[in-house]
Amino acid sequence: SAWLPRSWLRRTSCRRRSARHRSDVPRYIGADSSRAEFLDSTAAARRELTVDVWYPASPAPNAQRAPYLPELVAIRAAMGDSTASRWFAPAFARVIDGHLMSHAIADAPVRYPSRGCPLLVFSHGGGVDRSSYSAQFEDLASHGYIVAAIAHTFDTKLVVFPDGRAVRFRAQPRDTSPIDSTLPRWRRDQVRDSRSQAYVRRVIQVEANDIRFTIDRLQRGPLAKQIDFGLIGALGHSAGGEAAALARRADTPTPPLRRR
């Protein structure tokens, strides 16, 4: 699911694909002082996010490709190889032995026109690791888009913050609230489903706010001059697609979309 200006489907001035057109993945970190951490009731801190940014680049001829899982050491330490191999199978062994790398280039110079490149903010599916979409991010960056791929804290396999903290996925808490036993079984099932959906809706709202927070931070970040904030889109997978659509409908508008 995505919301994009129709003109993007035809052309962007950033588009220029070639065999040497690559992307890089710097890390962004932010704590939203306006929001408490909802997805973990024990977290006292504000909502924190990491975002991978993929962008068009002009790498040197001998530039080294970035690892497919930049957080491999932390992943192995946090969950062990047995769990990690189940989550990232069948590619995990090839990642460990260095045979599977990304097509991104670390620290490559950004390539952008004077007006900057269009921005796409990506929201992953519930519980899915953002590395699962690496091929899509690389392809979009190779076509001239800057892609900000959010890691929704507590709703992805693992988030590693710069200070070394590793935060794992938190499943939906079990509903232990009593249900009227006099209700017929179908009605009790309906109540349980309604409660579950209410929780999912709250998570999607949190992640829609994550999208908007990411756009705000990018406007003040080191890539601000390389981004055309008049051309912003959001897309996602599964619940992430719903979050993208919800972010678009939020009361506070994104910067106005400008046709090229």
Side-chain angles (χ1 to χ4, degrees), residues 2 14-29 49-79 81 83-112 117-125 127-153 155-162 164 166-169 214 218 221-223 226-227 233 235-237 240:
C14 256
R15 179 170 178 165
R16 189 180 301 167
R17 187 173 186 175
S18 70
R20 299 182 54 72
H21 198 113
R22 295 293 185 262
S23 57
D24 188 20
V25 278
R27 304 303 300 263
Y28 285 81
I29 177 69
L49 295 175
T50 62
V51 179
D52 292 340
V53 180
W54 305 71
Y55 56 78
S58 300
N62 59 346
Q64 184 177 358
R65 289 191 295 169
Y68 193 85
L69 291 175
E71 301 156 344
L72 178 61
V73 173
I75 289 171
R76 298 180 74 179
M79 62 183 65
D81 285 357
T83 299
S85 63
R86 292 197 303 271
W87 278 9
F88 296 99
F92 190 66
R94 293 182 60 80
V95 172
I96 290 177
D97 62 23
H99 289 135
L100 179 60
M101 302 288 286
S102 75
H103 295 92
I105 304 300
D107 302 320
V110 186
R111 187 171 77 185
Y112 64 99
C117 293
L119 171 66
L120 292 175
V121 183
F122 183 85
S123 177
H124 58 75
V128 181
D129 191 86
R130 62 202 181 282
S131 64
S132 301
Y133 313 96
S134 294
Q136 288 93 325
F137 302 153
E138 291 174 346
D139 186 61
L140 287 166
S142 77
H143 282 76
Y145 296 96
I146 291 178
V147 183
I150 302 172
H152 295 292
T153 311
D155 196 30
T156 187
K157 286 183 170 61
L158 188 76
V159 174
V160 180
F161 291 108
V167 180
R168 296 183 63 170
F169 171 75
T214 296
L218 287 172
L223 286 179
Q226 286 80 26
I227 298 173
L235 69 161
H237 165 225

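A quick note: this is a predicted structure, and the numbers were derived from the prediction, not measured.
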Note to self: Could you walk me through whether F88 and I75 satisfy the side chain to side chain contact (heavy atoms under 4.5 Å, CB included) test, starting with their C-alpha distance in whole Å, then the side-chain angles of each, then the deciding distance to 0.1 Å, before giving a yes or no?
What the structure shows: CA-CA 11 Å; F88 296 99; I75 289 171; 4.0 Å; yes

What pair of heavy atoms forms the shortest contact from [X] to [Y], and how long is it?
X    : Y    : answer
W54  : A149 : NE1-CB, 4.4 Å
A151 : L49  : O-CD2, 3.8 Å
G144 : C117 : O-CB, 3.3 Å
A74  : V160 : CB-CG2, 3.5 Å

Atom [atom1] of [X] and atom [atom2] of [Y]: how far apart are they, to the nearest 0.5 Å?
X    : Y    : atom1 : atom2 : value
T83  : R168 : OG1   : CZ    : 6.0 Å
D129 : F169 : CG    : CZ    : 12.0 Å
I150 : T50  : CD1   : OG1   : 9.5 Å
L158 : W87  : CG    : CH2   : 7.5 Å
M101 : H103 : CE    : NE2   : 10.5 Å
F92  : D97  : CZ    : CG    : 10.5 Å

Margin query: Contact between Q64 and I105 at the side-chain level, heavy atoms closer than 4.5 Å - yes or no?
Written below: no

Notebook entry, point to check: Backbone N or O of L69 within a donor-acceptor pair of the S131 side chain at under 3.5 Å?
Noted result: no

Check: Please walk me through it: do F122 and H237 pass side chain to side chain contact (heavy atoms under 4.5 Å, CB included)?
Finding: CA-CA 8 Å; F122 183 85; H237 165 225; 4.3 Å; yes

Notebook entry, point to check: Going through the distances and angles, do Y55 and I227 end up as a side chain to side chain contact (heavy atoms under 4.5 Å, CB included)?
Noted result: CA-CA 10 Å; Y55 56 78; I227 298 173; over 6 Å; no

Note to self: E71 and salt bridge (Lys or Arg N to Asp or Glu O under 4.0 Å): which single residue from R76, R130, K157 fits?
What the structure shows: R130

My understanding is that only residues two or more places apart in sequence, or in another chain, count here; which of them pass side-chain hydrogen bond (donor to acceptor under 3.5 Å, both in side chains) with [X]?
X    : answer
Y68  : none
T156 : none
H152 : S123, D210

